[in-house]
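Heads up, the thing below is written out as structure tokens.
All values below were derived from every heavy atom in this structure, side-chain atoms included, with hydrogens, water molecules and symmetry-related copies excluded. Quick note on labels: first sequence line is chain A, next is B, and so on, each numbered from 1.
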2 protein chains.
Amino acid sequence: MTAANEDTIANRISRILADRIVTGQLEPGAKLRQDHVAEEFGASHVPVREAFRKLEAQGLAVSEPRRGVRVASFDLAEVREVALMRAELEGLALRHAAPHLTSSILDEAEQATVAGDNSRDVRSWEEANRRFHRLILTPCAMPRLLAAIDDLHAVSARFLFSAWRSEWEVRTDHDHRAILGFLRQGNIENAVAVLERHVQWIGQKPVKSPTGSTRDVFAIVG
Amino acid sequence: MTAANEDTIANRISRILADRIVTGQLEPGAKLRQDHVAEEFGASHVPVREAFRKLEAQGLAVSEPRRGVRVASFDLAEVREVALMRAELEGLALRHAAPHLTSSILDEAEQATVAGDNSRDVRSWEEANRRFHRLILTPCAMPRLLAAIDDLHAVSARFLFSAWRSEWEVRTDHDHRAILGFLRQGNIENAVAVLERHVQWIGQKPVKSPTGSTRDVFAIVG
DNA sequence: TTTCATAAAATTATAGATAATTTATGATTC
DNA sequence: GAATCATAAATTATCTATAATTTTATGAAA
């Protein structure tokens, strides 16, 4: 009973909307109307506005004064930008987390990798992938850094879902295994190097548009 | 006339409060009471709450549901964390900005350095320093990265102001000049290396506490 | 005194209502 | 028929009011 009340209505709304934006249920550029959202959640628009502010800070929505807020759009340039930022920050985090990694953590991370390899849809792959990254980075004990990485992960996931919304081919994550291998050896710098290359790998995939022509879509797949 | 209305009340409040927090007028841990703030700005507490949310996202305030919001506190560990993040992200930004730097931009950056050297108080030094960093990084044309760096700068500035609130000794910024020198030569990697070391330099300074004993305070001075 | 329970005050969080602004609609003119 | 302007509808931003929660103050019992 307390757990439910731990959280404010605004937070709950922002979490759910964030999920919808990330998974692509809410498309880039879509208008977020405070009254509609308020009605859906059975709340007034005050907490809704606060939720919008949080989404704005996370880079998932953009707001123009007096004109309302829209789901943030994104392009290839931003995909690259986010990938570069993640490479730097995750590298930093891993360098500081590595000395505190236990073999039980690494085993858990390996399980997450296996779960990712066996995922039959994007959603569960993304979840497993995120779990892997969180597991090996959290011991750095830098809350601000981890929060920043989390936000970038969310944006990465948007790209991923927009490209691989329905179809998803099973694949084996060699990078994750290489990282774990180096970490087990205590070879931190090699682990960091692979991780930094890994998160910058931008997947490319031809997609049929409604008109029949094909175009390439991109997504971070690390 | 339009410029004043470009901005929402919530944004104006959050900007002013952010400045107070950064400069130390509002001390770490201080309670931010929405009704009081609302009254001061002649507004209701709805925009005040939105301003609080923005401060929270910037890491300048922390909010506990149903218990209100306080000015975020910080410790040496966080100083280090922010310095490390700045090093990585500013390095990344400079690497991508360098190819687009013109000699006129570098001249402006040099002027900012001179202005910093001649500053007789922390506030104007901080402003000049921030101008320097912005000038050489903005051409990277990565909005999300620049926004993240800006937020980290604000937090750095808090540390700075808390340590050097009143007294400020004039000093010459050799790092800035070295960076400009390398950039003028087109030696990007050396410029990045100096910058990354530069922003990680944590100043240390003995301060007399009210009891008479002295303790060391720390601040990023880059 | 100290501790605990209770009551009062202060404060937060949400809801409902109002004013101001933007977007949509349709008539009028060129 | 396209463009422009005026009007209406929708939507946002804000304010006032109410309910719920937490903190502070008060006083009785150990």
query = Quick one: does His36(A)'s side chain have a donor or acceptor within less than 3.5 Å of a partner on Leu32(A)'s backbone?
reply = no
task = Could you state the atom-to-atom distance from CZ of Arg70(A) to P of dT22(C) in whole Å?
result = 15 Å
query = Quick one: which of Arg130(B), Arg131(B), Arg123(B) gives a salt bridge (charged side-chain N to carboxylate O under 4.0 Å, His left out) with Glu127(B)?
reply = Arg131(B)
key: Gln25(B), CD atom: more than 12 neighbouring heavy atoms under 6.0 Å   = yes
message = Does the plane of the ring in His198(B) sit parallel, tilted or perpendicular to the ring in His176(B)? Use 30° and 60° as the thresholds.
response = perpendicular
task = Please determine, for the side chain of Lys31(A), which listed nucleotide (dT22(C), dT23(C), dT11(C)) has the closest atom?
result = dT23(C)
query = Taking C-beta and beyond as the side chain, do Arg49(A) and Val69(A) meet within less than 4.5 Å on heavy atoms?
reply = no
message = Strictly distance-based, threshold 3.5 Å: is any side-chain N or O of Asp117(B) a donor or acceptor partner for the main-chain N or O of Asp173(B)?
response = yes
inquiry  = Under 4.0 Å from OP1 or OP2 of dT11(C): is there any side-chain N or O of Arg33(B) that close?
reply    = yes
message = If I take atom CD in residue Glu39(A) and atom P in nucleotide dA15(C), what distance separates them, rounded to the nearest angstrom?
response = 13 Å
query = Which nucleotide, dA13(C), dA13(D), dT23(D), lies nearest any side-chain atom of Arg67(B)?
reply = dT23(D)
query = Which residues within residues 44-56 of chain A lie with some heavy atom under 4.0 Å of an atom in DNA chain D?
reply = His45(A), Arg49(A)
Distance in angstrom units between Phe41(A) CZ and dT14(C) C1', rounded = 16 Å
key: Evaluation steps, side-chain hydrogen bond (donor to acceptor under 3.5 Å, both in side chains), between Ser124(A) and Asp121(A)   = CA-CA 6 Å; Ser124(A) 56; Asp121(A) 58 289; 3.0 Å; yes
inquiry  = Can you measure Gln34(A) atom CD to dT11(D) atom P for me and round it to whole angstrom units?
reply    = 10 Å
key: Distance, rounded to the nearest Å, where Asp35(B) contributes CG and dA9(C) contributes P   = 17 Å
key: Value in whole Å for how far the C1' atom of dT22(D) lies from CD of Glu64(B)   = 11 Å
Distance in angstrom units between Asn11(B) CG and dT12(D) C1', rounded = 14 Å
note = Regarding the side chain of Ile9(A), the nearest nucleotide among dT11(D), dT14(C), dT12(C) is dT14(C)
task = For Arg66(B) and dA20(D), give me the distance from atom CZ to atom C1', rounded to whole Å.
result = 5 Å
